Amino acid sequence: MSTRGGGAARRGRDRRAEILPPPPGGPRFRRGEEPSVGVVGGGIAGLAAATLLAERGARVTLYEREDSLGGRLAGHPTRLTDGSPVTMTRGFHAFFRQYYNLRGLLRRTDPALARLTPMPDYPLRHSGGLTDSFARVPRTPPFSALGFVALSPTFGWRDLAALDARAALPLLDVRVPEVYERFDDVSATDFLERVRFPEAAHHLAFEVFSRSFFADPRELSAAELLLMFHIYFLGSSEGLLFDVPDEPFPQALWEPLGDYLRRLGADVRTGTEIREITPLDGGGAEVRTGAGADRHQAVVLAADTGGLRRIVDASPALGTSAWREDVAALRTAPPFLVSRLWLDRPVRSDRHGFLGTSGYDGLDNISVLERYEGEAARWAARTGGSVVELHAYAVDPGAERKRVQDMLVDRLHRIYPETVDARVVDARHEWRADCPLFPVGSHARRPTVRTPHPWLVLAGDAIRCDLPVALMERAATTGFLAANALLGDRGVRGQVLWTVPRAGRSPVLRALGALAGDRSPRRSAGRADQPGKRPVLRSSQRRSA
């Protein structure tokens with residue numbers, strides 16, 4: 001069931017999506033006043049910040065430690081044993097329709113988003129045999145949640161009646177940032193146990209969310225779980241279906257964006273690791289690499305969690321002691337594995353491009369790449385085979401890697417029996433441990449976009465921004481927020497940002513959610529991006545992205 005040739009991704013936005021206008025200012029820097037800005041990190045966050053700053057006329061230098069752009073969505077060329085040149089990436093990523101700011105970034109080089117192709121379904125299968133599908137679930141809340149219950153073989157009306165209604169009420173009106181004030185001290189697992197979700201539904205509908213953070217739900221903050229429920233179920237009418245790039249990430253996304261940056265005059269330096277950032281008298285900083293040092297009037301630190309900790313630790317003059325402690329407290333999620341197999345025969349034609357799995361001893365999903373990716377489709381058509389990808393998240397750090405890799409293949413054979421007799425033409429295994437972890441009680445001290453230095457801002461999916469965004473969209477949003485902060489301080493107008501509503505969209509559901517109890521904060525929520533100010537958001541009218 002190939003999804004290729006499906007045309008451009010659907011245009012438009014939820015009519016209740018909200019916008020965050022930037023501070024007022026001029027359209028771009030005046031000639032001769034363009035500041036030099038160093039952007040550290042070439043992932044989504046760094047690319048978003050660098051793109052906006054360069055568009056406004058700043059002299060941008062983008063530093064990326066790896067040899068290619070894209071961060072955790074980067075890729076690299078390799079050659080299979082059959083001689084085929086292919087691209088190995090860090091694995092499947094879903095570009096949900098709620099990712100307004102990420103999609104806005106991609107539109108810089110692909111205005112119609114023609115390089116994204118829609119996935120027709122997002123089935124979730126439990127080892128007990130039950131499978132949930134989202135293809136026919138209505139997109140508009142509350143019919144999305146009701147439709148899921150009506151159509152789901154896993155979560156039925158009896159299960160709904162068995163829930164602890166009062167414990168479940170907070171799901172009906174998730175508010176940001178209040179959800180962190182109320183539920184950051186509770187684990188995702190504890191919250192689901194309080195609500196009395198049936199075990200199968202727990203695995204299929206909610207553990208999938210928590211493991212999207214590459215985390216064990218026993219460690220993950222319940223606030224993040226409730227936020228995901230809001231983003232995908234009751235807060236947005238975009239639903240749970242998504243798009244994927246129709247070619248490997250480098251070719252479809254990052255190489256065009258890198259070329260766009262260079263045309264804007266940006267200096268894009270891949271293979272360049274930052275060793276230290278030293279504040280300068282009068283503002284700005286010296287950014288030191290292995291090749292020398294550059295002076296910038298402003299810096300965007302958009303490294304991953306480990307990179308941010310390392311750079312701050314190596315830069316003793318940065319920040320205050322409290323801020324440095326908050327950065328040092330950031331944690332990285334457990335290791336994850338992406339195994340890609342090139343098989344000498346096809347999987348069955350009715351297999352989905354993506355299948356979420358639960359209860360299979362650590363196998364989290366299976367992708368059949370030729371269903372949507374051009375490079376894999378061409379290889380499969382030429383050889384008569386299939387390209388299959390297996391993911392395992394939150395792997396025990398002490399696990400023997402070969403055993404985990406073999407286990408994933410064994411579970412593939414159980415789920416897709418036609419692969420048992422397939423010969424593996426070649427295989428690649430990517431082991432990584434660089435995703436942020438959002439453990440219980442951590443939100444209050446997460447660093448924000450603003451820092452103790454007016455010339456230094458942070459961006460990335462580990463950075464707090466108090467908007468209902470997550471994963472790749474949090475990276476893109478904080479990247480734009482970081483650029484907006486620097487631009488606004490210098491009298492230049494930044495970019496309008498979009499988000500799903502910051503509270504439940506239905507007055508009836510909000511009223512029911514209020515019955516859950518007092519909404520007053522239990523503790524301080526920590527620093528905001530702009531102390532003493534709350535971003536002004538207003539409802540949008542439907543328009544093209």
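Note that the structure is a prediction, hence the values are computed from the model and not measured.
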Atom of Leu80, atom of Asp426 and distance for their closest heavy-atom approach: CA-OD2, 3.2 Å
Distance-only side-chain donor-acceptor flag, Thr78 / Arg428, under 3.5 Å: yes
Sub-4.5 Å side-chain heavy-atom contact between Ile366 and Tyr360: no
Proximity of Phe95 and Tyr99 rings by center, below 6.0 Å: no
Trace of the side-chain contact (heavy atoms from CB on, under 4.5 Å) decision for Thr332 with Leu437: CA-CA 5 Å; Thr332 300; Leu437 180 66; 5.9 Å; no
Which atom of Ala462 lies closest to which atom of Pro436, heavy atoms considered: CB-CB, 3.6 Å
Check: Thr383 side chain, Gly385 main-chain N or O, donor-acceptor pair, under 3.5 Å: yes
Worked check of salt bridge (charged side-chain N to carboxylate O under 4.0 Å, His left out) between Glu418 and Arg351: CA-CA 11 Å; Glu418 68 271 22; Arg351 300 304 190 191; 2.9 Å; yes
Pair Tyr393-Asn365, side-chain donor/acceptor within less than 3.5 Å: yes
N/O donor-acceptor pair under 3.5 Å between Thr478 side chain and Ala459 backbone: no
Partners passing ring pair (Phe, Tyr, Trp, His ring centres under 6.0 Å) against Phe480 (at least two apart in sequence or in another chain): none
From Met407 atom CE to Glu400 atom CD, the distance as rounded to the nearest 0.5 Å: 11.5 Å
All pairs passing side-chain hydrogen bond (donor to acceptor under 3.5 Å, both in side chains) where residues 82-95 contributes a residue, at least two apart: Asp82-Ser84, Asp82-Trp379, Ser84-Trp379, Ser84-Arg382, Thr87-Gln251, Thr87-Glu375, Thr89-Arg340, Arg90-Asp434
Test item: Asn101 side-chain N/O and Ala476 main-chain N/O as donor-acceptor pair under 3.5 Å: no
Full working for side chain to side chain donor-acceptor pair (under 3.5 Å) between Ser237 and Arg15: CA-CA 8 Å; Ser237 68; Arg15 63 185 178 85; over 6 Å; no
Separation of Leu124 CG from Thr357 OG1 (nearest 0.5 Å): 9.0 Å
side-chain contact (heavy atoms from CB on, under 4.5 Å) between Ile311 and Val40, worked out: CA-CA 10 Å; Ile311 291 170; Val40 180; 3.8 Å; yes
Minimum side-chain heavy-atom gap Leu116-Val244 below 4.5 Å: no
Exam field: side chain Arg414 to backbone Asp410, donor-acceptor pair closer than 3.5 Å: no
Interatomic spacing from CG in Asp259 to OG1 in Thr109 - rounded to 0.5 Å: 9.0 Å
Flag side-chain contact, heavy atom, 4.5 Å: Glu430 against Leu337: no
Side-chain donor/acceptor of Thr51 to backbone N/O of Ala48, under 3.5 Å: no
NZ or CZ of Arg107 within 45° of Tyr100 ring axis and under 6.0 Å: no
Test salt bridge (charged side-chain N to carboxylate O under 4.0 Å, His left out) applied to Glu373 and Arg378, step by step: CA-CA 9 Å; Glu373 186 193 271; Arg378 292 187 290 274; over 6 Å; no
Leu408 side, atom CG; Asp364 side, atom CG - distance, nearest 0.5 Å: 9.0 Å
Flag for Thr270-Asp67: side-chain donor and acceptor within less than 3.5 Å: no
side-chain contact (heavy atoms from CB on, under 4.5 Å) between His352 and Val368, worked out: CA-CA 7 Å; His352 291 275; Val368 182; over 6 Å; no
Check: Tyr372/Glu247 side-chain N/O donor and acceptor closer than 3.5 Å: no
No-hydrogen, no-angle side-chain donor-acceptor test under 3.5 Å, Glu255 and Tyr260: no
Donor-acceptor pair, side chain of Asp184 and main chain of His443, under 3.5 angstrom: yes
Side-chain (Ser386) to main-chain (Val388) donor-acceptor, under 3.5 angstrom: no
Under-4.0 Å salt bridge between Arg474 and Glu224: yes
Exercise: identify the closest heavy-atom pair between Ile231 and Gln98: O-NE2, 3.1 Å
From CD (Glu389) to CG (Leu412), nearest 0.5 Å: 12.0 Å
Any side-chain donor near an acceptor of the partner, Glu473 and Trp498, under 3.5 Å: no
Non-hydrogen side-chain atoms of Val86 and Arg79 separated by less than 4.5 Å: no
Donor-acceptor contact present, side-chain Thr189 to main-chain Pro217, <3.5 Å: yes
Lys/Arg N to Asp/Glu carboxylate O, Asp190 vs Arg218, below 4.0 Å: no
pair Leu226-His230: side-chain heavy atoms closer than 4.5 Å: no
Whether Phe354 and Phe242 hold their rings parallel, tilted or perpendicular, with breakpoints at 30° and 60°: perpendicular
Residues Arg348 and Asp350 bridged, charged N to O under 4.0 Å: yes
Donor-acceptor side-chain pairing of His126 and Ser358 below 3.5 angstrom: no
Chi angles and distances behind the salt bridge (charged side-chain N to carboxylate O under 4.0 Å, His left out) call for Asp304, Arg65: CA-CA 11 Å; Asp304 62 25; Arg65 179 180 57 188; 3.7 Å; yes
Contact summary for Ala399 and Val404, nearest pair of heavy atoms: CB-CG2, 3.8 Å
Non-hydrogen side-chain atoms of Asp243 and Leu113 separated by less than 4.5 Å: no
Residue pair Glu370 / Val387: nearest heavy atoms and the distance that separates them: OE1-N, 2.9 Å
Short side-chain donor-acceptor distance under 3.5 Å, Thr117 and Asp246: no
Heavy-atom side-chain proximity of His429 to Arg401 below 4.5 angstrom: no
Side-chain heavy-atom pair Val174, Leu234 within 4.5 angstrom cut-off: no
Expected output: side-chain Arg115 to main-chain Ala252 donor-acceptor under 3.5 Å: yes
Test log, rule salt bridge (charged side-chain N to carboxylate O under 4.0 Å, His left out), inputs Lys402 and Asp406: CA-CA 6 Å; Lys402 180 66 164 55; Asp406 291 344; 2.8 Å; yes
Over all atoms of both residues, closest heavy-atom pair of Thr477 and Leu497: O-CD1, 4.2 Å
CG-CZ distance between Leu471 and Arg72, expressed to the nearest 0.5 angstrom: 9.0 Å
